[in-house]
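Here is the naming used below: chain letters follow the sequence lines, and residue numbers restart at 1 for every chain. We use all heavy atoms of the structure for the numbers below, so side chains are in, but hydrogens, waters and symmetry mates are not. Since this is a predicted model, take the numbers as computed values, not measurements.
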Amino acid sequence: MNLKTIKLVYQRELRDQMRDRRTLFTVLVLPVLIYPLLGMAILHISQFSTVEPCRIWILGGQHIPHDSPLVAEGLFCSGLLSDSERRITVVELADPTMADVIAPLRKFMTSDDHALTPDLLHWAKQQMVNRRYDLAIFVPPVAGADGSSLASMNQIQIIQNSSRSTSVTAALRAQTAVQKWMQNLVVKNLGQLQIQVADVKPFSVSIADVADQASVSAVKWSKALPLIIVIWALTGAFYPAIDLCAGEKERGTLETLLSSPAPRSDIIGGKLLTVMTFSIVTAILNMVSLGISAGLLIGTSSNSNFLGQHFGITLPPLQVLPILLAALIPISALFSALAFAIAAFARSSKEGQYYLLPLMMLTFPLLMLPMLPGMHLSMGTCLIPVSGLIFLLHSIIEGDYGAAATFFGPVCAVTLICCGLALKWSARQFNDESILFRAADQISLRTWLKYWTSRRSLAPTMTQAILCALTILVAKFFGTFLVAPPRHWDEFCRQTVSLLFIAVTLPALVFAFATTHKQWKALRLRMPRPWTLALAGLMAIFLHPIFAGLTECVMWLYPMKGLAIPAEAMMSQLLDGAPGIWAVVLVLAIAPAICEELAFRGYILSGLRSSVGAVPAVLIASLFFSLAHSIVQQSIIAFFVGIVLAVWAIRTESIFPCIVFHAVHNSLTLLFVRIDPGLVAASSWLQTIVLIDDGKVSGYQPLATVLCGLVAIMLALILWRHRVEETLLVWSRSRRRKSPPIAG
Amino acid sequence: MDPVADGSDIPAETCGVADRSKPQLMTNSFSPDAAGRPLLMIHVRHLCKRYSDMNGDFVALDNVSFDVIPGQIYGLLGPNGAGKTTILRILCTVLKPTAGTALVNGFDVVEHPEQVRRQLGFVSTNTAIYDRMTGWEMVEYFGRLYGLAEDVLLGRLEMLFDRFKMNDIRNVLGSNMSTGMKQKVSIARALVHDPPVLVFDEATSGLDVVATREVLTTVEQLRDSGKCVVFSSHIMSEVRRMCDRIAILHRGRVVAEGNVGELADRFKQPDLEELFYQLIAYGTIVTETVATPLPNSGTP
């Protein structure tokens, strides 16, 4: 890398973007304008909300006691509403004889339960429209006034039209006024009966807040500010990235640059720095503009303090700004690299812009996670990309510096790893000439099918492998929701095996037959030597304590929550109904081992391996294997188990050792929790292996875990010492190599 | 869309793969030898390029070989899609060959791409100029990318802007220039580092008569000053006027190679346009061993 060249490219790109009106508007002008405009809109809305008058129509007003009036001079009585609201709430009493003329109304007034009939509602709606009332209030005769009992409560019925906002506003005001009026009436009646109010209502409930307004405001800002920064860092990166990659392709200047002696790494460096600069500047401008607009809206004029009055928001604490700026650098780096990689793929600016929405949609769950109630910075949440950083910012803005300091390291590590991966991806995209000079493909189902069937090869391609994996994930998703929860073991057994076969194995088999002409090779169905099967089984046994420890760590990081707990309880119940442990092992260990290995270590890994190196292939296949597990905690462990299985598959070119490993691992996991603690207590050698805590088998002894880990490493070394062909019973390539040279 | 197939897919008898394990910096080996043979500035052997996409495999170049010496204009003549641009993109290291070798002034395009790019200037319909940069800024920027010292760069800029009469568009943005002006800036950009090799890919495409004449004159002047020029075109008159040697390309293969006179003698067709048409229309498998006019060769 030559810093001088990077600087040259950076300066040019920066100047180029500064001369582009569209980019300038989107990235620099829009953020500056949007908040003042938003502020103006809020001011207008606040004016609307305070001046909106409404008209209320009371039917049966003659039934209101004369000594406790609700209405006076066309308005609610003084004291029932705030003065400003009272002045703009016109109340009219209907003609007292109306109830005699209108049949549905008469029925309402005279019936005991005062039920609203559809006829009455229809009539009321028509009247409200014709007479231009926002609200109607039906007041039935007071029960007991004519000598009947007071057993039933008098129902004052407010009729609103919730499809009209003025009607909803009127209903809220009327409800407040009527409740206040009823309260006064009760106090008056109690006074007449010489009963103290405290005897009827001994307590009243009110809430007091010890938090000062600044803290409350900080919590609200802690939710809003990181979100704003992330969204604008992404938007600010996206448009320049599209212009600098797809735009240059479209305008023909990219080839000019590529034919210069500047190395591609320097071009990528200069362009990425430009994208990052715009991302950072956009986010900063947003913060500044938001700060100034919010300051004006909240701080200066008391009349316009709409946000403060309605949402309890004050100015954001100034000390958080440096922290936000520091966090902005990794966020911008991450999104710049992602946007750059996508922009390198796009053929034109227009195509590039289509990719913004999917990128936003993929980012949104990570942005929304910290917004969920009850979520906070912990060892588990801090390891989630983007979300962890937002959680950290929340903690800092809220003043929880202890938690922030504890998780600062892991958050930084995760963020740096993500940035590194995104940068690597973007460099790869830019260096790949098949992507950089991608021509328009004629996409049609017919072409696809023809392409696939005519190009059946020994191994599937990466695209085919990923499509197969996605098909499996979608099939599993729908399969899980389509089947009803099993009621007993037999049903559970049928559902599990069917789902595994239909959603996991079948797609892999269909893909293998459709895209390859040596399916046994694509699915890695080569016969291994027996010792590899034994070695795989032994390794599963000796690695089990490590995975058990890992499971404990995962459970500590991400404890079971929500739906996972009842699901686990249901599973325990179902397993209890099994005819024997052999059945549990068959359904939950051996069946998944066969079905999942065919798909994940068979077809998918073969496809990935044909296009990328061993390490990315192993990681991607393991990621898909992990995603195929519905419970998060299970997915994390499956990822690591998947890595070991994929390594086995690559080292032996066969899935049979993987099936053995998978089946043994699953069986041990199922059997381990069923070990009788009494048996452990009685056996001294079992006590050296198994850990008993609170009368239950809770894990392996640390020493046993370490020793088992060492044995597992030795077993791995044994496998490593053998070439791939030595692990198989038949190896065509090796036989060819050994064939004697032709004489002459 | 799919990755380019690797060299192993190409039959050995069609595309020879060079041994790149040895250094290819062979400037001395191209020096005039004892027999007085001239230095080879461009040396292409068995060049192949294959793409693979939804519509199947596509052979863009199939076993292309040719040499160009300094002070020579070498013409690549072929219809659209014949593979001219692919050859030139490989020479400029923008694309990598699937098989075969290409050396520019002794530097291998795969092993030493940056050195190769320093040896040549590339003008193509695909190498546009920046819309939001002035003519001066554009040429200056590329001069800096080539690592020219400030005083040298300033001298080159003044010389080029005077030579191509571009002083009135010094401060005009690319977006406000005419096609002819843009092409002038492109040529100045390609010449800013005074390279020994120049590549012109359909350089007169879309230009008016005056601008075309200016470009052609410039190319001739460059040849006369000892530069090695590769000139691709599908316009017969340009090729006839400019090129010292011609390779006629069709569907990625060189179907004929030589100077205009040699080709006319070999195919007994003095009209270059007619010769070209016959080769393209009937000669998908015609080789240089065919000594009779092509319509009589019996190929449909």
Provide the closest heavy-atom pair for B:L145 versus A:A262 in the form atom of the first, atom of the second, distance. CD2-CB, 4.0 Å
What closest approach, in Å, do A:P263 and B:R117 show between heavy atoms, and which atom pair accounts for it? CA-NH2, 4.0 Å
Is the closest side-chain heavy-atom distance between [X] and [Y] below 4.5 Å?
{"X": "B:R189", "Y": "A:S259", "answer": "yes"}
{"X": "B:R132", "Y": "A:Q17", "answer": "yes"}
{"X": "B:F142", "Y": "A:L8", "answer": "no"}
{"X": "A:Q11", "Y": "B:R144", "answer": "no"}

Can you say whether A:L257 sits under 4.5 Å from chain B via the side chain, the backbone, both, or neither, judging by heavy atoms? both
Quick check with a 6.0 Å cut-off and a 45 degree axis cone: is A:R12 positioned over the face of B:Y130's six-membered ring? yes
Interatomic spacing from OG1 in A:T256 to CE in B:M138 - rounded to 0.5 Å: 5.5 Å
Report the distance from atom CD of B:E137 to atom CG of A:D16, rounding to the nearest 0.5 Å. 9.5 Å
Flag yes if more than 12 heavy atoms outside A:R428 fall under 6.0 Å of its CZ atom; otherwise flag no. no
Atom CZ of A:R22 with >12 non-hydrogen neighbours under 6.0 angstrom: no
Most heavy-atom pairs under 4.5 angstrom with chain B, which of [options]?
{"options": "A:E248, A:R251, A:E255, A:M18", "result": "A:E255"}
{"options": "A:D266, A:L258, A:D20", "result": "A:D20"}
{"options": "A:L254, A:V9, A:T5", "result": "A:V9"}

Could you check which of B:T127, B:D131, B:L173 has the highest count of heavy-atom pairs closer than 4.5 Å to chain A? B:T127
Measuring heavy-atom distances to chain A, does B:L120 have an atom under 4.5 Å in its side chain, in its backbone, in both, or in neither? neither
Given that the side chain runs from C-beta out, which part of B:L95 has a heavy atom under 4.5 Å from chain A: side chain, backbone, both or neither? both
